[in-house]
Amino acid sequence: MVTGARVLASALLATAVFAARASAQQTDALKVFISVDMEGLAGVVTASDVNASGADYAHFRTLMAGEANAGIEGAFNAGATYVLVRDSHGGKQNLLPGDVDARAHLLRGASTGPKNMMEGIDSTFHAVVFIGYHAKAGTPNAILEHTSTGNVVDFSINGVSLPEGGYNALVAGLHGVPVVFVAGDRAVVDQLRGLLGPIRAVAVKQEIADAALGMSPAAARDAIRTGVEEAIRARAQVKPWVMAGPFTMVLKVKAERPLYPGARRTGEGEFTFTSPSLLEVLNAFNAMK
Ligand SMILES: [Zn+2]
């Protein structure tokens, strides 16, 4: 009995020590998710800048890595223990792996699920950062404004018209993670602050009669590095962006695509779809956009 009790006591002690260690590790972990698009990078002004067939694409993908690396550095300066970078533009193969800060983990390539630009996010992350972002379709005084594809006129959920950064913030919110920082043009910064509140941001450029006036890439990197660090340190001030379900989307498009199961055509180029699942709404959006 005595021996058995000792064994039990020692087993309990070992379990307690293990639990304490696991809890300390959880407390110390700081996981940051960085989604990087291209249209909102400093210097980008036309579609050919961000299209693989464009004459200057090789230059702009290098600048994309530069802004991504500034965000990664800011995150680690703020104490991050793990950084996931999601290449979020087009086919998601713009960031060359060898160009990305070796401390980060790069999620590269198109994915099939509804999360798309947010693929890889889950509830173990503590903060989300957007870099290179752009305003939604139809936004005035914006650079390369669009929503996902050139075909989308407007996309709303429960009456709220959303840019990519808006529904991506909802995906983060679904997992309880706040979006703490955005870099892009003046228009996307204003648009996302209008939805998410006064998050930290860097407007790297602004539209002037369809042209772009902005920071040099080096100045943008400095501002992003500092801004991301400050934003992650102050992350407790920002709440995850959540919307109560069920979710009703209204999607307006230029060219209609086949109906997603359960969706209704509610007007010329207009589709409505309702689900208790936000991700199912995004599946419907992705199928008909
Ligand atoms: Zn893009």
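Read the numbers this way: they start at 1 and go in the same order the structure lists the ligands and their atoms.
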- How many protein atoms of type N/O/S are positioned less than 2.8 Å from the Zn ion (ligand 1)?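 The number of such protein atoms is 4.
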
- Give me the one residue out of Leu192, Val202, Val129, Ile131 that meets side chain to side chain contact (heavy atoms under 4.5 Å, CB included) with Val182.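 The side chain to side chain contact (heavy atoms under 4.5 Å, CB included) with Val182 is passed solely by Leu192 among Leu192, Val202, Val129, Ile131.
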
- Task: Show your reasoning for whether side chain to side chain donor-acceptor pair (under 3.5 Å) applies to Lys31 and Thr124.
- Result: CA-CA 7 Å; Lys31 295 181 67 175; Thr124 65; 2.7 Å; yes

- Which of parallel (below 30°), tilted (30 to 60°) and perpendicular (above 60°) describes Phe155 and Phe285?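 Because their plane-to-plane angle is under 30°, the rings of Phe155 and Phe285 count as parallel.
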
- Message: Using 30° and 60° as the class boundaries, would you call the ring planes of His105 and Tyr82 parallel, tilted or perpendicular?
- Response: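 His105 and Tyr82: parallel rings.
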
- Item | Positive for side chain to side chain donor-acceptor pair (under 3.5 Å) with Tyr57, one of Thr62, Asn94, Asp49 |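 With Tyr57 as partner, Thr62, Asn94, Asp49 yield a single side chain to side chain donor-acceptor pair (under 3.5 Å), made by Asn94.
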
- Message: Run the side chain to side chain donor-acceptor pair (under 3.5 Å) test against Asp154 and tell me which residues pass, sequence neighbours left out.
- Response: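 Partners of Asp154 under the side chain to side chain donor-acceptor pair (under 3.5 Å) test: Ser161.
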
